[in-house]
*Asks:* 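Take a look at the following structure, please.
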Protein chains: 2
Amino acid sequence: MPSGEAAIPHSPATLKLDGYLPYRLSVASNAVSRLIARAYEDRFGLTIPQWRLIAVLAEDGPLTQHAIGSRTVMDKVTVSRATQGLVKRSLVQRAPHDVDGRSHRLALSKAGARLYKEVAPVALEYEARLLQEFEPAAVAGLKQLLLHLERIAAELAAGDGAAASAP
Amino acid sequence: MPSGEAAIPHSPATLKLDGYLPYRLSVASNAVSRLIARAYEDRFGLTIPQWRLIAVLAEDGPLTQHAIGSRTVMDKVTVSRATQGLVKRSLVQRAPHDVDGRSHRLALSKAGARLYKEVAPVALEYEARLLQEFEPAAVAGLKQLLLHLERIAAELAAGDGAAASAP
DNA sequence: GAGATATAGTTTCATTTGAAACTATATCTC
DNA sequence: GAGATATAGTTTCAAATGAAACTATATCTC
């Protein structure tokens, strides 16, 4: 990490909670998550982890739980529990993994695929409403920024003073 | 809410989880919160609610718990617990509210103010690191967008089909 | 091929969270 | 000013979360 000199300060020298990024981010994310969680729960009986799992199976086809976890940034415990709920409702099918006896191959069932087709437009509609006042370019920029933040936060967390330069 | 016609779609007609705003937002926010939470906990023994409480008392001076809650978008239970912890460590002082017997006036103690002066630069440094690769304008835009999202999410949550037009 | 070590997934447990019930005080209506 | 109703803050309880221990299977090393 390049040492010392404070480059262009992006933040005022004095802290203002209202303009503090981690705060703004957390508050916005909570508000959105809460809205979405309620919608999925009320309309489809799905938790957010379950929804993510369905979405990723619909997009990428059959996956192991491990793959789902890394693909969707969810803990293995979270994935395990989401899976159990979905299997119980027969929205997801589990087959043994042919080459690895510890693992399973998860796939959407017919019913799961049908449900996905119902949920996806609702999901898109919520997103559209949330973003309706913004320029498409601004939205694209926001998403890029979020991805970037995520990466940097992970880097800082990994080597918070330690490994940062060496690959 | 204006009816029907789908204006300019900000989102593709097909859902891609990776580009789905609520997902990106949640993942980014979790990554940042986790980083920050660990930092505050390790270095200062503060939880995020406690940190928010200190920050807002430092900025705005004495407040009731209720005021802190609405100012920082925290549940009254969260504020209550954060307060208890801080009072126990004598970082915050509680005085009866002169006009309202149910309420209290919370203020930073000397020690609390000192701690704030230690934490604030660390907080700013984390923010600066998270944002170091971005243009100041992009950062300002992001914060605006987050505020906006928060407001819209709250509106949608309040009247999710119900009251939306009538004031 | 027999340990040793790693990985997929589950279970257990302790912590966090927030809704709902509760207590105490204010305010409003008659 | 006596209920009725609202509000500040706490406590209680149930659900969500994720770290750590655990089980079962793979892989690696000799």
Side-chain angles (χ1 to χ4, degrees), chain A residues 26-27 29-31 33-38 40-42 45-53 56-57 62-88 92-107 154 157, chain B residues 26-27 29-31 33-38 40-42 45-53 56-57 62-88 92-107 154 157:
Chain A
S26 163
V27 171
S29 174
N30 284 348
S33 288
R34 193 175 289 242
L35 173 72
I36 297 281
R38 217 192 52 188
Y40 294 173
E41 173 62 41
D42 289 355
L46 293 175
T47 64
I48 285 184
Q50 288 175 340
W51 155 242
R52 285 188 190 175
L53 208 154
V56 80
L57 286 180
L63 293 172
T64 64
Q65 291 184 197
H66 178 78
I68 291 168
S70 35
R71 176 73 173 67
T72 60
V73 198
M74 293 194 294
D75 193 82
K76 63 184 176 170
V77 178
T78 308
V79 174
S80 174
R81 293 198 265 240
T83 302
Q84 285 169 20
L86 293 172
V87 168
K88 206 167 292 167
V92 162
Q93 279 157 352
R94 273 185 134 197
H97 188 107
D98 349 305
V99 283
D100 190 335
R102 296 165 301 181
S103 192
H104 312 278
R105 195 178 130 282
L106 301 190
Chain B
S26 163
V27 171
S29 174
N30 284 347
S33 288
R34 194 175 288 241
L35 172 73
I36 297 282
R38 217 192 52 186
Y40 294 173
E41 172 63 42
D42 289 356
L46 293 175
T47 64
I48 285 184
Q50 288 175 341
W51 155 241
R52 285 189 190 174
L53 208 154
V56 80
L57 285 180
L63 293 172
T64 64
Q65 292 184 197
H66 178 77
I68 291 169
S70 36
R71 176 73 173 68
T72 60
V73 198
M74 294 194 292
D75 193 81
K76 65 185 176 170
V77 179
T78 308
V79 174
S80 174
R81 292 198 265 240
T83 301
Q84 285 168 20
L86 293 172
V87 168
K88 206 167 291 166
V92 162
Q93 278 158 352
R94 274 186 134 196
H97 189 107
D98 349 304
V99 283
D100 189 336
R102 295 165 301 181
S103 191
H104 312 280
R105 196 179 130 281
L106 301 189

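Just the heavy atoms: all of them, side chains too, but no hydrogens, waters or symmetry mates, feed the values below. Throughout, a chain's letter reflects where its sequence line sits, starting with A, and its residues are numbered from 1.
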*Asks:* Would you mind pulling out the nucleotide paired to C/dA24, Watson-Crick or G-U wobble, both distances under 3.5 Å?
*Replies:* D/dT7
*Asks:* Can you tell me the distance, in whole Å, between the NE2 atom of A/His66 and the P atom of D/dA26?
*Replies:* 16 Å
*Asks:* Between B/Asn30 and B/Ser103, just flag the one whose closest nucleotide in DNA chain D comes earlier from the 5' side.
*Replies:* B/Ser103
*Asks:* By the 4.0 Å heavy-atom rule, please label B/His104 as base, sugar-phosphate, or nothing.
*Replies:* sugar-phosphate
*Asks:* If you look at every strand shown and take non-hydrogen atoms under 4.0 Å, does B/Thr83 touch a base, only sugar-phosphate, or nothing?
*Replies:* nothing
*Asks:* OP1 or OP2 of C/dG18 less than 4.0 angstrom from a side-chain nitrogen or oxygen of B/Thr78, does that happen here?
*Replies:* yes
*Asks:* Name the pairing partner of C/dT29, where a pair is Watson-Crick or G-U wobble with both distances under 3.5 Å, or state none.
*Replies:* D/dA2
*Asks:* What residue among B/Val79, B/Thr78, B/Ile48 forms side-chain contact (heavy atoms from CB on, under 4.5 Å) with B/Leu53?
*Replies:* B/Val79
*Asks:* Would you say A/Gln84 reaches C/dT11's phosphate, i.e. side-chain N/O to OP1/OP2 under 4.0 Å?
*Replies:* yes
*Asks:* Return yes if the base of D/dG9 and the side-chain atoms of B/Arg81 contain a donor-acceptor N/O pair under 3.5 Å, otherwise no.
*Replies:* no
*Asks:* Look at all strands and tell whether B/Thr47 reaches a base, only sugar-phosphate, or nothing, counting heavy atoms closer than 4.0 Å.
*Replies:* nothing
*Asks:* Between A/Val79 and A/Arg102, just flag the one whose closest nucleotide in DNA chain C comes earlier from the 5' side.
*Replies:* A/Arg102
*Asks:* Within this structure, what is the CD-to-P distance between A/Glu41 and D/dA15, rounded to whole angstrom?
*Replies:* 12 Å
*Asks:* Distance check, rounded to the nearest 0.5 Å: A/Arg102 atom CZ versus A/Gln65 atom CD?
*Replies:* 13.0 Å
*Asks:* Can you tell me how far apart CG (B/Leu46) and CZ (B/Arg52) are? Round to the nearest 0.5 Å.
*Replies:* 13.0 Å
*Asks:* Without decimals, in angstroms, what is the distance between B/Arg52 CZ and C/dT16 P?
*Replies:* 16 Å
*Asks:* To the nearest Å, how far apart are A/His97 NE2 and D/dT27 C1'?
*Replies:* 14 Å
*Asks:* Heavy atoms only: give me the nearest A/Ser103-A/Thr64 pair and the separation to one decimal.
*Replies:* OG-CG2, 3.3 Å
*Asks:* Going by purine N1 to pyrimidine N3 plus the second Watson-Crick contact, or the G-U wobble pair, all under 3.5 Å, which nucleotide sits opposite C/dC13?
*Replies:* D/dG18
*Asks:* Can a side chain N or O of B/Ser80 be found less than 4.0 Å away from OP1 or OP2 on D/dT10?
*Replies:* yes
*Asks:* Whole Å only: how far is the CD atom of A/Gln65 from the P atom of C/dT11?
*Replies:* 11 Å
*Asks:* Measure CG/A/Asp75 against P/D/dG18 and give the value in whole Å, please.
*Replies:* 6 Å
*Asks:* To the side chain of B/Lys76, which of D/dA26, D/dG9, D/dA8 is closest?
*Replies:* D/dG9
*Asks:* Over how many whole Å does the gap from B/Arg38 atom CZ to D/dA19 atom P extend?
*Replies:* 12 Å
*Asks:* With the side chain of B/Arg34 defined as its heavy atoms from C-beta on, choose the nearest nucleotide among D/dA19, C/dG9, C/dA21.
*Replies:* D/dA19
*Asks:* Calculate the interatomic distance between A/Ile48 atom CD1 and D/dA15 atom P; express it in whole Å.
*Replies:* 18 Å
*Asks:* I'd like to check A/Val92 versus A/Val87 (side-chain heavy atoms, cut-off strictly below 4.5 Å). Are they in contact?
*Replies:* yes
*Asks:* State whether B/Arg94 places a side-chain N or O below 4.0 Å from either non-bridging phosphate oxygen (OP1 or OP2) of D/dA8.
*Replies:* no
*Asks:* Could you grab the distance from atom OG1 of A/Thr83 to atom CD1 of A/Ile68, nearest 0.5 Å is fine?
*Replies:* 5.5 Å
*Asks:* On DNA chain D, check which nucleotide each of A/Pro49 and A/Gly101 is closest to and give me the residue with the more 5' one.
*Replies:* A/Pro49
